[in-house]
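Heads up, the thing below is written out as structure tokens.
Counting starts at 1 for both ligands and their atoms, following the listed order.
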Amino acid sequence: MSDTDRLTIRRPDDWHVHFRDGAMLDAVVPFTARQFGRAIVMPNLVPPVTTVAAAAEYRERIMAAVPDGVDFTPLMTAYLTDDTDPDELARGHADGVFTAVKLYPAGATTNSASGVTDLKHARPALARMQEIGMPLLVHGEVTDANVDVFDREAVFIDKVMTGLLADFPALKVVFEHVTTKDAVDFVAAHDGPIAATITAHHLVINRTDIFRGGIRPHLYCLPIAKREVHRQALRAAAASGGPKFFLGTDTAPHAVAAKETACGCAGIFSAPTALEAYVQVFDEMEALANFEAFASLNGPAFYGLPANEAQVTLERAPSEVPATVESADGETVQPFQAGETLPWRLA
Ligand code: DOR
Ligand code: ZN
């Protein structure tokens with residue numbers, strides 16, 4: 001094998017996952033734990049994870065789903081609401097339970113009904129987070145029904161993000177799952193402590209793919225995939241290896257029945273072969289040398305955590321994406337790229 005057929009890097013982390021709960025959690029956690037040392041776990045359960053106690057209990061349920069012998073650490077987040085108590089966040093952060101706080105604009109996406117209706121309500125929480133160095137993870141879309149769904153991220157930059165960063169210049173902010181050139185350019189140009197996660201699926205599909213030969217509900221997620229020019233900007237940002245961009249899959253399992261229906265849920269379940277999908281993109285971009293920075297180094301550096309000590313090897317050899325994943329209570333989930341053969345695999 002040549003040196004471009006094998007890549008050994010520090011064990012990566014996934015800075016954005018949805019594990020759900022119950023039987024679904026048990027079914028999906030092993031896929032993430034197989035590939036990643038740590039994962040930032042989203043709090044959009046029903047009811048949302050808003051307290052230290054709820055997050056500590058949720059973390060126990062996740063740990064119970066990690067296969068024996070696998071070294072995996074879930075990093076928990078608090079769900080920001082209009083009524084979040086700054087003391088609860090600070091206590092959870094000090095106790096090592098809350099790594100970060102998630103901002104969902106109310107109504108922006110799945111289980112965001114309890115999210116923030118106006119950022120003015122969250123100012124006390126944001127001020128405290130800035131003071132203690134606790135990162136804010138932002139779902140960056142406006143919720144105004146009159147704003148075109150493909151414009152909601154770009155409008156969010158002007159209407160919300162710019163003001164947020166001006167008001168809290170020392171707050172660590174992650175612009176989650178960026179999907180536009182606008183967001184990439186904004187994050188790259190901003191001087192303060194802001195970074196962005198990029199999903200595998202937004203590096204692979206554009207909005208036309210959602211309608212290729214018919215409507216493809218398993219490619220529907222939020223923020224929705226954009227035009228090809230935006231996908232190219234995301235690929236360039238990721239492949240640059242620059243410190244402001246890092247891996248966050250936003251793997252978001254929904255039962256097939258909830259996807260293939262008249263009003264299907266948003267979310268792409270990419271966990272089974274996420275790393276393989278990402279490394280393929282870096283290979284296509286002739287940027288394998290930057291993969292470790294994106295997957296394993298930039299995230300921990302931004303969060304102020306050490307990179308993982310362990311190493312993993314990716315090799316140019318076929319891997320099969322499972323057609324479906326079943327949970328113990330009889331739900332079926334369809335992964336991203338289900339049934340396809342990818343050119344890389346985790347050795
Ligand atoms: O597509 C999405 N699915 N986007 C989100 O922001 C939430 C996620 C989910 O929880 O299903
Ligand atoms: Zn998400």
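Residue contact check for ligand 1: Glu176 places no non-hydrogen atom closer than 4.0 Å to it. The closest approach between His16 and ligand 1 stays at or above 4.0 Å for every heavy atom of the residue. At a 4.0 Å cut-off, not a single heavy atom of Asn111 sits close enough to ligand 1 to count as contact.
Every atom of ligand 1 with a heavy atom of Gly267 under 4.0 Å away is listed here by number and element: 1 (O), 2 (C), 3 (N). For ligand 1, the atoms sitting less than 4.0 Å from at least one non-hydrogen atom of His139 are 6 (O), numbered in the order shown with element in parentheses. Atoms of ligand 1 found under 4.0 Å from any heavy atom of Cys221, numbered from 1 in the order shown, are 1 (O).
Between Tyr104 and ligand 1, no N or O atom pair is found at a separation short of 3.5 Å.
Side-chain atoms of Thr99 do not come within 3.5 Å of backbone N or O of Thr77 as any donor-acceptor pair. No donor-acceptor pair under 3.5 Å is formed between the side chain of Asn290 and the backbone N or O of Ala238.
A heavy-atom distance below 4.5 Å is found between the side chains of His177 and Pro223. No side-chain heavy atom of Val281 sits under 4.5 Å from any side-chain heavy atom of Phe294. In this structure the side chain of Val17 never reaches within 4.5 angstrom of the side chain of Phe36, judged on heavy atoms.
Scanning the protein heavy atoms around atom 3 (N) of ligand 1, the nearest turns out to be Ala266 O, 3.0 Å. For atom 5 (C) of ligand 1, the closest heavy atom belonging to the protein is Thr109 OG1, 2.9 Å.
Between Phe175 and Phe186, the angle of the ring planes goes over 60°, which puts this pair in the perpendicular group of the 30/60° scheme. The aromatic rings of Tyr104 and His139 sit tilted relative to each other, their planes meeting at an angle between 30° and 60°.
Neither the backbone nor the side chain of His201 has a heavy atom within less than 4.0 Å of ligand 1. The residue Met42 has no part lying near ligand 1, judged by heavy-atom distances below 4.0 Å.
Ranked by closest heavy atom to atom 4 (N) of ligand 1, the top entry among Val17, Leu222, Thr110, Leu45 is Leu222.
Between Trp15 and Phe302, the gap from one ring centroid to the other reaches at least 6.0 Å.
With salt bridges taken as basic N to acidic carboxylate O contacts below 4.0 Å, one links Arg316 and Asp283. Arg345 has no carboxylate O lying under 4.0 Å from a charged side-chain N of Glu276, or vice versa, which leaves the two without a salt bridge.
Sorted by chain and number, the protein atoms of type N, O or S within less than 2.8 Å of the Zn ion (ligand 2) are His16 NE2, His18 NE2, Asp250 OD1.
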Inset, instruction - Just do the salt bridge (Lys or Arg N to Asp or Glu O under 4.0 Å) check on Glu176 and Lys102 with the steps written out, would you? - result: CA-CA 10 Å; Glu176 296 285 348; Lys102 179 66 188 261; 5.8 Å; no
